[in-house]
Enquirer: 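Please see the structure below; I have some questions.
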Amino acid sequence: MSELGAMRDQWYPVAMTKQLTAQGRDTLLMGAPIRVFADDGGTPKVTDGAGRALPVIDRFGHVWTSLGQPEKDLFTIPEVDQPGRRLVDVGVCRVRCSPLRAVENFLDIAHFPFVHTDILGSEPHTEVERYEVEIRDDVDEVWATKVKFFQPQAAKSAEGGITTDYMYRVCAPTCSVLYKTCPPKPEEWDVIALFVQPLTETLCDVWPYMALYDDDAEMTDLIHFQQMIFVQDRSVLENQLPALLPLDPGREIPTRADMTSIAYRRWLKRHGFTYGAQLVAA
Amino acid sequence: MIESDAPVTLDDSGDTVPTDWTPAALSDDIPAASAAPGQLGAHDLAIWRSASGRIAAWADRCPHRGMRLSHGFVRGERLSCIYHGWGYGEGGRCVRIPAHPELAPPEAIRVPVFSAAEASGVIWVAEDAPDSPPPEFPGLAAFRSLQVAAAPEAVAAALGGTGTVIEATLAGLSVVALIQPLRDGAAGLHLLAPEDSDPAALDALSAAVEALRRRVEAAEEAAA
Ligand code: FES
Ligand SMILES: [Fe+2]
C-alpha cells in the first residue's frame, strides 16, 4: 500500500447516497476492493476486502471514504447550503484515465472551443486572458480566479454568447469545484464540482455535482447537459499519452493558459499526491 | 515467390526493392484533410494528409498535454490537436497556439517527424530517411488492408513467403501482399491486386484473404 503515499489518508467519493442499497456497490478505491452499502437504519457504510469498516462521510449527495486515517475533515462547499439552490447529483461516468488527468482537464478552459465546440467555447474566441492562480496556504487549496472566457452557450439556462467568469478551486487531490457566472442571478455563482474516485492509477469514476440557481430547467435536462459535456471530455482523457500525469517539468509544454494546471501539479508533488502521476520519466 | 528483408528482385527488369520502408496504410484510407493512427515498430504514428494532398507521418502525441494527434483535424497544410487546437505545420513545427493568438510559438515546440511516402496506392513510413523511394508495383493497385492477430512471420508463411513484400496467387489473382509488424504480435496485411480485376474477382479475393486470416489466427491460437 505504500505506493498510495499521502493519498491514502484522503477522502474519496465512492457512491451516490441516494442510489445506495442494502446489497451495496462493490467497487475499487486505489486498487483495493471495497463495498459501499446502506445498513439497516439506512446509514451508509463502507467495508474493505477483509470486511473491516472504513471511515464514512455522507456529504454533497455522495458517500466518502478513505483507506487510511484522514487528519482533516472533508472539505466544505458553503454555497450548497444557500437557500434556493438546486443540488444535482449528475451520476457516474467511468473514464479510462488517471484520476489526476481527469481533475486537470476540469481545471482547463483552453479546450472549450475544440472539445465543447459551440457549447462552452467556439472559434475564433480562443484566447485565454491572464488570470490569477495561488496556492492558499491557510486552507491548503489551489485557487484560480479572474478567469474569463467567451461562451456561446454557457449553461443550460444561457441563451446566446456571453463572457463567462470562472473561479476554480482544488480542495482535495481528486476533487475540484468551479464557480461560474450564473445567468439568472448575476450576483451569485453557479457551483459545479467534480468528484473523482480513483479506481486504479489509470481508471476512475467521475461524479459531477452541481448547486445551481436555475428554476426553469428540468432536472433531467441539467443532468443530460453535464453528461454530454463530460462524454466530450472523456474522448480526450482516454487518449492522452502517457496515461499517468507527468509531475516533473519537461515531458509536456504548458503555456500561460495552463497556470492552474501548473499549480495543481506543483501542489500534488509538494504533498506527495502521486497516485496516478508519473515522476521523472524513466 | 518473392521474399525479402534484404533487397529483393520484384519484376522482370531485375530492379531491387529496398525494404527499409514499412507499409502503414493505403492511400485511399487517408483522404485529403484527414488523420488516422498508425504504427511503426514501437512508435505510435499520426498519419495525415493535408488539404493539398501531402502525406505525413508524425509521432502520435501532442507536445502540449500528450493528446493523440491522430484525433486531430486538418486545415490547409496544418494538423491541429483536438484538445487545445495547437496547429503544427512543415516539419512538425508548432505554428499556432489558439489560447495565445498573438504569440509566435517557440521554435522548440515540435512533433517528432517520420519519413512518409506513397507508391502504388500504399503509404510507407520509415524512421530515418531511406535512400530510395518505396517500391512501385506496375499493373497493381492497392486493394484493402486487414489486421491479423498473428505474428507477421506466420502471415507471410501462409502466403508462401517471408519478409515485407510477398508475391502470391490468391483466388486466381496475382497479388502482392505487404506485411507490417504491429504491436502485441499482430500483423497488418496490405493487399495489392491487378488493376483491371473485375468486381467479382475482387470479391473472391476478399473472401480468400479473410479465410487466410481465419486460418492463420486459428493456428496461432492453437499454438499458444
Ligand atoms: S494537448 Fe494538444 S493542444 Fe493541448
Ligand atoms: Fe471539458
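Numbers restart at 1 for each chain; the letters A, B, ... are given by sequence-line order, proteins then strands. Quantities reported herein were computed from a predicted structural model and do not represent experimental measurements.
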Enquirer: For Arg61(B) and Arg251(A), which heavy atoms make the closest approach, and how far apart are they?
Expert: NH2-O, 3.0 Å
Enquirer: Do you know which of Pro106(B), Pro101(B), Ser70(B) has the most heavy-atom pairs under 4.5 Å to chain A?
Expert: Pro101(B)
Enquirer: At a 4.5 Å cut-off on heavy atoms, which part of Leu103(B) comes close to chain A: side chain, backbone, both, or neither?
Expert: neither
Enquirer: Determine the interplanar angle of the His111(A) and Tyr83(B) rings, folded into 0 to 90°, and report it as parallel if under 30°, tilted if 30 to 60°, perpendicular if over 60°.
Expert: perpendicular
Enquirer: Do Cys62(B) and Gln240(A) touch side chain to side chain, with heavy atoms closer than 4.5 Å?
Expert: no
Enquirer: Could you look at Ser235(A) and say if it's the side chain, the backbone, both or neither that has a heavy atom under 4.5 Å from chain B?
Expert: backbone
Enquirer: Can a donor-acceptor pair be found between the side chains of His84(B) and Asp108(A) at a distance below 3.5 Å?
Expert: yes
Enquirer: Side-chain contact, heavy-atom cut-off 4.5 Å: Pro98(B) with Phe114(A)?
Expert: yes
Enquirer: Is it the case that atom CG in Asp203(B) sees more than 12 heavy atoms from other parts of the structure closer than 6.0 Å?
Expert: yes
Enquirer: Does some side-chain heavy atom of His100(B) sit less than 4.5 Å from a side-chain heavy atom of Arg256(A)?
Expert: yes
Enquirer: How long is the span from the CD atom in Gln232(A) to the CD1 atom in Ile82(B), to the nearest 0.5 Å?
Expert: 10.0 Å
Enquirer: What closest approach, in Å, do His64(B) and Pro254(A) show between heavy atoms, and which atom pair accounts for it?
Expert: CD2-CA, 4.3 Å
Enquirer: Quick check on Glu129(A) against chain B: is it the side chain, the backbone, both or neither that has a heavy atom closer than 4.5 Å?
Expert: neither
Enquirer: Kindly check if the number of other-residue, nucleotide or ligand heavy atoms within 6.0 Å of CZ (Arg183(B)) is above 12?
Expert: yes
Enquirer: With distance as the sole test, does Arg68(B) use its side chain to make a donor-acceptor pair with the main-chain N or O of Asn239(A) at under 3.5 Å?
Expert: no
Enquirer: Do NZ/NE/NH1/NH2 and the carboxylate oxygens of Arg75(B) and Glu123(A) come within less than 4.0 Å?
Expert: yes
Enquirer: Looking at Asp233(A), Ile253(A), Asp258(A), which makes the most heavy-atom pairs under 4.5 Å with chain B?
Expert: Ile253(A)
Enquirer: Would you say that Met67(B) contacts Leu241(A) through its side chain, given a criterion of any heavy-atom pair below 4.5 Å between the two side chains?
Expert: no
Enquirer: For Glu238(A), look at atom CD and say whether over 12 heavy atoms of other residues, nucleotides or ligands are found less than 6.0 Å away.
Expert: yes
Enquirer: Count the heavy atoms belonging to other residues, nucleotides or ligands that lie under 6.0 Å from CZ of Arg266(A), then report whether that count exceeds 12.
Expert: no
